[in-house]
Every structure is written in structure tokens, then in C-alpha cells.
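Data first, discussion second: the structure below is written as C-alpha cells.
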Amino acid sequence: MEFSRISPLGYNCIYTLLNAVTSATIGGNAASLGTKSATSLQLTVPTASSAGTVDIVLTTADGATTVDTFTYVGTGVQQTVEVADLVAEVTLGAADLAPSATVSFSPDDAGTAGAITYSSDTPAVCSIVSNKVRFLAGGTCTVKATVAASGLLLAGSDTETLTVLPKAQSISLSAPAKPEVDLDGIDLIASTTSGLSLSFATATASVCSVDSVGHVTPITAGECIVTATQAGNASWLSDSKQLIIVFVAPATTPIVDNGNPAKPSILAKTGAWVKNGDTQLSWNRTKGTLAFKVSIVYVGPIKGTAVFKIGSKSYTCVVNFGTLKKQATAKRLVLTSPNLCSGAKEKTQLAALKKAPVNTVVKITVVRDMKHPTTYAKYRTKTRVLYAKLG
């Protein structure tokens, strides 16, 4: 491979009569003479067979003299980048870190160093924002500094790594105080600062059970001990929290929840289910179907009544369903009602429902006979009133 560098050169050496030079060599190869004066001389650099530093020899009538050296750089001078040591480790959530790097090359007069840019070789763990390292997840973060090519200077790069440690997470767990045994279970209020899903377990299986979404079903009166756990991942440390729920013996007085007409559930016209406590509501305007789901443990007949008004006229629809026999175990069931305002006896109500103006409010009353799931013995009744605004 041939190496060459052709450029005008001016030398202020021991010579004061450079115009007396008759010939020149660089690395033993003839260099053509260009413009010359007493104090300057222009040479055309000849091609060389390899990179390296060679002598510049000038010849006058007095003979040949080595006056300087010249370095052949071949395809270019490599810029060497060195990223300054980063901290050994940080915890996820730490402030952005400003990296730094230096650039060197030889010979040091080969040009002006190119601009330095930073990037991440591990974009899932860290990124570069405004020339600072931002930490995104736990793991190994590799920061890369790249210097751009500049004239004869070739591009170069270097990397440094640091460890991003998982961040601590915190679980919040609560439940109603002293719920009664014959309720259909309770939904734990559970969350974690990581946003990751929780798992649940009970240490008192004879008193209560808990499902994968944190719904606790009581079996008998007593202390129910539930633990919420988050196993963690590369970005979050594991955590767990325990909660004691005291279930008390059932009462016999009816349960009545009259709802809040000022805060109706907003139902889309698409039929999507909307949760309201232990009940979900659904409305499909195209089909004119209005229905509800109940989440129960204590079984028995269920009566649903819907009342709505269009203009000056009121309409009433009724459905009857439920679980009419004892179950093998006490477990949570989700029962879906028949569509309200349907059937041969409610054609008028159905027609009116289909034409109900947007934002019509329907009052839905759900009445249950709460019977023990495994004996079918009746404890009491439960009445719940819900208000729904139709989309």
C-alpha cells in the first residue's frame, strides 16, 4: 500500500538562503521544488511506501543537509478517545450524570480534534439526553464517546460502563375495618410505587381466601392475614406487606345502600362494562341492551328493577335470576343479569329505552336474598341502588 501526503510546506530553518536549494528529498525520495525565497521553500511531498517519520534533506552547492523530519500518516491519524471513569454504580432514579472525555493523537500537530458526541450502547438501561446520561432501568449502562473525523484525523471512540441498581418499591395495602362474614368478600386497596402487578396469599386459610386480584372471601369470623408481594425485577427491588383483617360475625339486619343520584355511573353506548363496587353495568344503544353483573359469595335469588323517565312518562323493567341452590364451596361467583327491558311483556319499555336521549339517567335497584353458599340458609337481604347515565 502506498502512503502519501501532498501539501505546501514552509520551513524557517538554519538556512537563510533557501532560494539556493537545488534539490530535496523526503525519506530518500525526490521532492519537487516549488516557490522559494531566501526564507521559505515549498516542496511537493513524494509518495511513500509506508507510514512513519522520515528526514527532509535539502541540497545546495555546498552539499546535502538534513533540516527536519516529516511524518507520513498513511490513511490518516487515529484520534484516541478516553472516557473519564464513571461512578461504579447508581440507583435507578438518580439524577442525570454528565460524562467527560479527552482526545489525543500523534503527531499532536496533525490537525484539530473533531467534536465529541455521546451515545448509549445499552438504550434499554440508559440514554443520552442533552449530553447527560439518563437512567431508565436496572442493569449495565454503557456510555460511548465518539470523536468525529477532522481533516487528516480519523474518527475514534471509547466506552465506559456503570451499574444501575434496582430502586426500592413500596406496597400500600388496606381494607375496610371489621367487615362482616356474610359479605360477598372485600376488595383490598393495593398498589405499589413500581406499578408492577401484585400477588396475594393468605396465612389463615381457615378464616379467609384471597384471589389473584386481591379479593378476600371470608369463611368464618376471626383474623384474616393477607400478604401482598411484588417479586421485583432488574429495575425494582422486591417488597411485601402483610395486613390483618378482622371479620366479625354476621348481623341479621338488612343491608341497604341507596346510592348517590348526583354521581351516576357513565355508561358508553358501546356495551363496555363499568365497575361500581360489587356491580358492573353495561349499555349498548344500538341493541338497546341494559344489564348488570354482580360479584357474590352468598347465593340466592336476585331481583333487578330499572326505572327511567322519558318526557313525562316513566318506564319500569324487572328481571329475576340468581343462584337458587347451595354450592359445594364458598367461592366468589360473577352472575350476569338478563337484559333489562326485554321479553314479550316489556316491548314498550324496550322501544322507549332504545330511543332514550343521551344522558338519560336510569335507576337500577338490585335486591338479593343472601343465603349461606354451602347450606343455603338465609342470613338477610341486601338492597343496592345504582344510578347510570346512558351514553
Side-chain angles (χ1 to χ4, degrees), residues 182-185 252-327 331-373 375-391:
D182 71 336
L183 295 180
D184 296 309
T252 57
T253 54
I255 300 172
V256 178
D257 177 0
N258 288 316
N260 185 351
K263 294 184 178 180
S265 295
I266 308 301
L267 305 186
K269 64 181 180 179
T270 58
W273 291 97
V274 176
K275 192 174 188 306
N276 186 323
D278 61 1
T279 307
Q280 298 180 63
L281 302 170
S282 172
W283 159 244
N284 186 305
R285 177 169 289 278
T286 302
K287 298 178 180 179
T289 54
L290 178 65
F292 63 91
K293 292 180 182 179
V294 288
S295 175
I296 68 170
V297 173
Y298 281 72
V299 296
I302 302 172
K303 179 180 180 180
T305 304
V307 177
F308 60 97
K309 187 175 183 180
I310 299 178
S312 60
K313 188 171 183 179
S314 294
Y315 298 87
T316 301
C317 306
V318 179
V319 293
N320 290 282
F321 67 111
T323 305
L324 307 181
K325 61 181 180 180
K326 66 181 181 179
Q327 305 295 298
K331 63 180 180 180
R332 185 163 64 145
L333 304 173
V334 178
L335 304 181
T336 302
S337 74
N339 293 325
L340 291 154
C341 301
S342 63
K345 296 181 180 180
E346 296 180 336
K347 291 183 178 180
T348 301
Q349 293 94 319
L350 178 59
L353 187 63
K354 286 183 176 181
K355 296 179 181 179
V358 172
N359 294 330
T360 296
V361 175
V362 180
K363 178 183 178 182
I364 301 173
T365 303
V366 180
V367 180
R368 293 173 49 203
D369 282 339
M370 297 180 69
K371 299 188 177 186
H372 193 281
T375 67
Y376 211 65
K378 181 176 178 178
Y379 275 115
R380 53 180 166 177
T381 60
K382 179 178 180 179
T383 301
R384 183 149 192 247
V385 179
L386 304 103
Y387 293 89
K389 184 179 288 188
L390 304 183

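Predicted model only: the values in this text are computed from it and were never measured.
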Spatial distance of atom [atom1] ([X]) from atom [atom2] ([Y]) [nearest 0.5 Å]:
{"X": "Thr316", "Y": "Leu340", "atom1": "OG1", "atom2": "CG", "value": "11.0 Å"}
{"X": "Thr252", "Y": "Asp182", "atom1": "OG1", "atom2": "CG", "value": "9.5 Å"}
{"X": "Asn284", "Y": "Thr289", "atom1": "CG", "atom2": "OG1", "value": "4.0 Å"}
{"X": "Arg332", "Y": "Ser295", "atom1": "CZ", "atom2": "OG", "value": "4.0 Å"}

Report yes if the side chains of [X] and [Y] come closer than 4.5 Å at any heavy-atom pair, otherwise no.
{"X": "Lys363", "Y": "Thr365", "value": "yes"}
{"X": "Phe292", "Y": "Leu386", "value": "no"}
{"X": "Thr383", "Y": "Val366", "value": "no"}
{"X": "Tyr387", "Y": "Val362", "value": "no"}
{"X": "Val358", "Y": "Leu390", "value": "no"}
{"X": "Met370", "Y": "Ile255", "value": "yes"}
{"X": "Arg384", "Y": "Thr279", "value": "yes"}
{"X": "Leu290", "Y": "Cys341", "value": "no"}

Closest approach of [X] and [Y], non-hydrogen atoms and distance?
{"X": "Pro338", "Y": "Ala291", "answer": "O-CB, 4.3 Å"}
{"X": "Leu350", "Y": "Gly288", "answer": "CD1-O, 3.4 Å"}
{"X": "Cys317", "Y": "Glu346", "answer": "CA-OE2, 3.3 Å"}
{"X": "Ala388", "Y": "Leu281", "answer": "CB-CD1, 4.0 Å"}
{"X": "Phe321", "Y": "Leu335", "answer": "CE1-CB, 4.0 Å"}
{"X": "Pro261", "Y": "Pro264", "answer": "O-CD, 3.6 Å"}

side-chain contact (heavy atoms from CB on, under 4.5 Å) between Val361 and Phe308, intermediate numbers included: CA-CA 6 Å; Val361 175; Phe308 60 97; over 6 Å; no
Side-chain ([X]) to main-chain ([Y]) donor-acceptor, under 3.5 angstrom:
{"X": "Gln327", "Y": "Val297", "result": "no"}
{"X": "Arg285", "Y": "Ala356", "result": "yes"}
{"X": "Gln349", "Y": "Tyr315", "result": "no"}
{"X": "Trp283", "Y": "Gly391", "result": "yes"}
{"X": "Ser282", "Y": "Gly271", "result": "yes"}

Can the positive tip of Lys293 be found less than 6.0 Å from the middle of the six-membered ring of Trp273, inside 45° of the ring normal? yes
Should Asp369 and Lys382 count as an ion pair when the cut-off is N to O under 4.0 Å?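 A salt bridge is absent here (no side-chain N lies under 4.0 Å from a carboxylate O).
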Apply side-chain contact (heavy atoms from CB on, under 4.5 Å) to the pair Ile302 and Val367, showing each step before the final yes or no. CA-CA 6 Å; Ile302 302 172; Val367 180; over 6 Å; no
Assess the residue pair Lys371 and Tyr379 against the criterion (side-chain contact (heavy atoms from CB on, under 4.5 Å)); give the C-alpha distance rounded to whole Å, side-chain angles, the decisive distance to 0.1 Å, and a yes or no. CA-CA 6 Å; Lys371 299 188 177 186; Tyr379 275 115; over 6 Å; no
Under 6.0 Å between the ring centres of Tyr376 and Tyr298? no
Polar contact flag, side-chain donor to acceptor under 3.5 angstrom, Arg368-Thr381: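 No, no side-chain donor-acceptor pair sits under 3.5 Å.
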Does Lys275, at its NZ atom, have more than 12 non-hydrogen atoms belonging to other residues, nucleotides or ligands within less than 6.0 Å?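 Yes, the 6.0 Å shell around NZ holds more than 12 heavy atoms from other groups.
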